[in-house]
Amino acid sequence: MTDGSGSLARRAAALRLEFDQSFAAPIRAETSAQEDFLAIRIGAEACALRLGEITGLYADKKITTVPGGSAALLGIAGFRGTVLPVYSLNVLLGRPAGTAPRWLVVAAGAPLALGFEAFQGHLRVGREAVLPQKSAERRFYARDYVRAHSLVRPVIDLPSVLAAIDIRRPEATPEEER
């Protein structure tokens, strides 16, 4: 009986020592730089969003319609005490409106949210998996592709999409400027 408890004590001491030494060891750095994306679906197309270009992902938010505005404007929704306009990524990318989006992301570069149909997951890939678009196939909203899980997705360039919203904003009428 004492032999078993002695080996247990030695094992516990070895585990304590290994645990303590793990704090003294230098932090292991990643060998390759990585980038994070949200894998989404817009209509039937699998796409990606850079995680650094958004500040939040939300599901099933109530969107209140507002009169007027562009075809891309779905309405307004509340996000942590702030009311933001919600735009359809389908319409902004030149596709049919489709169904009401279940998922919304809040853009980091502007006070607005963008809606899309499906969130498919988080992607963390090495920089070598991010491929630039060739000029012959360039789309205004995508500058790169990301390869992950044997699927290549266009990466939606949110600054381009936000610029398109600014361009589509109707000019102020003289009465509104007063």
Side-chain angles (χ1 to χ4, degrees), residues 34-125 127 129-133 135 137-149 151-178:
Q34 295 189 331
E35 200 165 348
D36 292 310
F37 296 90
L38 290 183
I40 66 170
R41 186 174 44 78
I42 300 172
E45 186 177 13
C47 298
L49 293 170
R50 281 190 165 82
L51 208 54
E53 293 179 349
I54 64 170
T55 61
L57 171 68
Y58 300 88
D60 301 322
K61 280 282 199 183
K62 178 167 175 28
I63 301 171
T64 303
T65 57
V66 292
S70 70
L73 180 64
L74 298 172
I76 56 174
F79 300 91
R80 297 184 179 175
T82 304
V83 176
L84 298 177
V86 179
Y87 289 87
S88 166
L89 264 176
N90 274 9
V91 175
L92 291 172
L93 301 181
R95 295 182 172 87
T99 62
R102 175 170 184 227
W103 295 91
L104 303 174
V105 291
V106 175
L112 59 86
L114 301 165
F116 56 93
E117 285 84 5
F119 168 64
Q120 297 178 317
H122 171 256
L123 304 173
R124 177 170 284 159
V125 298
R127 297 269 166 121
V130 181
L131 313 165
Q133 258 194 56
S135 60
E137 59 191 29
R138 186 164 304 265
R139 303 172 189 183
F140 87 91
Y141 66 88
R143 304 268 189 272
D144 302 316
Y145 287 105
V146 62
R147 182 184 336 214
H149 311 296
L151 183 63
V152 178
R153 299 169 181 265
V155 178
I156 296 172
D157 182 51
L158 279 187
S160 296
V161 173
L162 298 176
I165 292 171
D166 266 351
I167 291 168
R168 293 178 186 183
R169 183 175 299 156
E171 296 298 320
T173 60
E175 294 83 33
E176 292 175 342
E177 290 177 350
R178 289 184 202 164

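Note that the structure is predicted; figures quoted are calculated from it, not measured.
For the pair Val91/Leu74, no side-chain contact is recorded, criterion being any heavy-atom separation below 4.5 Å from C-beta on. Within the 4.5 Å cutoff, the side chain of Val125 has no heavy atoms near those of the Arg147 side chain. Two residues are said to be in side-chain contact when any heavy atoms from C-beta on lie closer than 4.5 Å; Leu73 and Ser70 meet this criterion. Side-chain contact between Leu123 and His149: present, with at least one pair of heavy atoms (C-beta onward) separated by less than 4.5 Å. Within the 4.5 Å cutoff, no side-chain heavy atoms of Arg80 are placed close to those of Val106. When side chains are defined from C-beta on, Phe79 counts as touching Leu104, because their heavy atoms get closer than 4.5 Å. Proximity of Arg50 to Phe37: side-chain heavy atoms (C-beta onward) are separated by under 4.5 Å at one or more points.
Shortest non-hydrogen contact noted between Leu92 and Ala72 is CD2-CB, 3.7 Å. Considering all non-hydrogen atoms of both residues, Glu117 and Ala97 come closest at OE2-O, 4.5 Å. The shortest heavy-atom contact between Leu162 and Ala110 is CD1-CB, 4.0 Å. Pairing each heavy atom of Ala48 with each of Val146, the nearest pair is CB-CG1, 3.8 Å. Contact detail for Gly115 and Val86: the closest heavy-atom pair is N-CG1, 4.5 Å. Scanning all heavy atoms of the two residues, the minimum distance from Ser160 to Arg143 falls at OG-NH2, 3.1 Å.
Side-chain atoms of Arg127 do not come within 3.5 Å of backbone N or O of Ala129 as any donor-acceptor pair.
Annotation: the span from Asp157 atom CG to Asp144 atom CG amounts to 8.0 Å, rounded to 0.5 Å. Rounding to the nearest 0.5 Å places CG of Leu49 at 7.0 Å from CG of Leu89.
With Leu114 as the fixed residue, the side-chain contact (heavy atoms from CB on, under 4.5 Å) test singles out one of Ile40, Ile156, Ile54, Leu158: Leu158.
Below 30°, between 30° and 60°, or above 60°: for Trp103 and Phe116 the angle between ring planes is below 30°, a parallel geometry.
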